Asker: 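One structure is given below, represented as structure tokens, and several questions about it will come after.
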Amino acid sequence: MLDAKFNLAQLCNKFPLIVFYQGNYQETPSHSILNIVEKNISSNMKKPAVRSILYLMIEALQNIERYSAHTHSSDDYSLVYSDNKFFHIYTQNVIENVKIEGLKKRLDSVIDKSKEELDEIYSKTLSGDERTEKGAGLGLIDLARKTRNRFFYEFNTLDEKYSTYSICFAIPLNREDYESQPNFNESKEIIKKLNHNFKNNLSTLFYGGDFSNNFVRALLDLITTVKKENIINHSTKIHHVLIELTQNIRRHAYKTDDHVSGQLCIEWQKQNLCISTYNIIEHDKIEGLTKKIDSLNACDFNGLEEMSKKSLTDFTEESGVGLIDVSLFAFPNKIQYLLKNDLSIGTELLLKINLSHD
Amino acid sequence: MINDTFTIIAQEDTPFVSLEKKEGHNQIVIKGLSMPENVLEFYAPLNDKIFSFFDGAFENIQLDINLEYMNSMSNKQLLKLLKNMAEKDNQLKVIWRYNEQDDLIKHKGAEIQSIFPHLNLQLEEIAN
């Protein structure tokens, strides 16, 4: 199980930002996903590019909210990632088979159009000459305009009543890439990998990107929304565990130019909530860390509480009690870890914690 | 009558703090979220400010703590602050507020009670 997570690790090493959220979009966690992306891109992209990306994300995420049949939440998801040349937005939702034909017509009416033709359709639709049943279809036309028609779509039958509808857009990030074509096959491969790992979850958040407190705040908002949706009570345990684990990544993970290469994965499952983190840490920190985790895993609950108190009142040491707290919250589950691939810059570390539903 | 006040505005990862010096009743409020990456940057100056602000009147202080989330390093710095304050003001009163659904913050308050059994610390539930 832990080993399988390593197969996804290369995604956060390859892309400076990747956010995948699968689950119920009815109560919309969209604003939280937008918030997470905004915190990531606003410091290193020009304002018009940020606005354009966020605008397109709103359209794409609202399409899931509005048009999904909301029957199989594990089939509703969004993936956004940047490869430094393009910003990719991939969404999928469940749709009733009877609606496919109409939607396909609308998509085909814009897919091969030139910029001028799209502008004309946009103006006509805006002035009310052409209307669709839910809104004016302006969102779709605008997505095609703003991405310079770099998108693909597909339908896959689930059963006699429902299918999945996927659409993927790519926004060029640099002027020199305005004429290049994105690698949509890569997007499909990523989705295939993510689906393979997470298809049985109630909800999933898979994230690689900035791990500063800006991100943590946006993450806490998302968790609160998802908790309400899934009606799973974890008190605030999950929030505290996430604060400790994300700050551990920020503090201890290998960095280049202040960019932390790390990954966070939260899986809402029927029996558990599973949190895993991945990052590279320096070789000389491995022994101390694994010894600490082994000693925590060997403790009973009282032993962990004693250890927490001892560490909290040792004012000569500035370090916190992060991993002790995580062990206490997860008890009787243990902190699982796996080390792999001894790289020149450090060792890959995967941590996994299961929190039982209260 | 309030004689003097000092306020620290809450930031994305640090709490709101207010210090009030009144006749016969001094109050400190720490409220919100505490998870700075570098806790000492926040708590070391706060500790100094509290001692300089109440200098000469370091007595009958009520410390009102109402935290939504905190990281473990903030927890430790808060304990250090409580210890330093209790050593100077043996009448120090601490109110530890927690949301009615938040067992974890309640537990953190109870943990402080067991670490400092002589500290006058009250746990108070806040309705949702």
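Just so it is clear: chains get the letters A, B, ... in the order the sequence lines come, proteins before strands, and each one is counted from 1. Predicted model, so just to flag it, every value in this text is computed and none were measured.
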Asker: Would you call B/E37 and A/R251 a salt bridge, taking side-chain N to carboxylate O under 4.0 Å as the test?
Answerer: no
Asker: So do B/E111 and A/L312 actually touch side chain to side chain, heavy atoms under 4.5 Å?
Answerer: yes
Asker: If you take all heavy atoms of B/S72 and A/G322, which pair is closest and at what distance?
Answerer: OG-N, 3.1 Å
Asker: What residue pairs, at least two apart or across chains, pass salt bridge (charged side-chain N to carboxylate O under 4.0 Å, His left out) with a residue in residues 217-226 of chain A?
Answerer: none
Asker: Grab the two heavy atoms, one from A/F315 and one from B/K76, that are nearest each other, plus how far apart they are.
Answerer: CE2-O, 3.7 Å
Asker: Could you report the tightest heavy-atom contact between B/M70 and A/H240, atom names first, then the distance?
Answerer: O-ND1, 3.4 Å
Asker: Hey, could you give me the CG/CG distance between A/L328 and B/L104, rounded to the nearest 0.5 Å?
Answerer: 9.5 Å
Asker: When you check the gap from the basic side-chain N to the acidic O, do B/K108 and A/D325 get nearer than 4.0 Å?
Answerer: yes
Asker: Name the region of B/L79, side chain, backbone, both or neither, that has any atom closer than 4.5 Å to a heavy atom of chain A.
Answerer: both
Asker: Over all heavy atoms of both residues, which pair between A/N213 and B/M35 is shortest? Give the atoms and the distance, please.
Answerer: ND2-O, 2.7 Å
Asker: Within the 3.5 Å criterion, strictly below it, is a donor on A/E244 or B/N71 matched to an acceptor on the partner's side chain?
Answerer: no
Asker: Apply the test side-chain hydrogen bond (donor to acceptor under 3.5 Å, both in side chains) to residues A/T236 and B/D102: give CA-CA distance (whole Å), side-chain angles for both, the deciding distance (0.1 Å), then the verdict.
Answerer: CA-CA 6 Å; A/T236 50; B/D102 197 342; 2.8 Å; yes
Asker: Which label fits A/H239 and B/Y69: parallel for a plane angle under 30°, tilted from 30 to 60°, or perpendicular past 60°?
Answerer: parallel
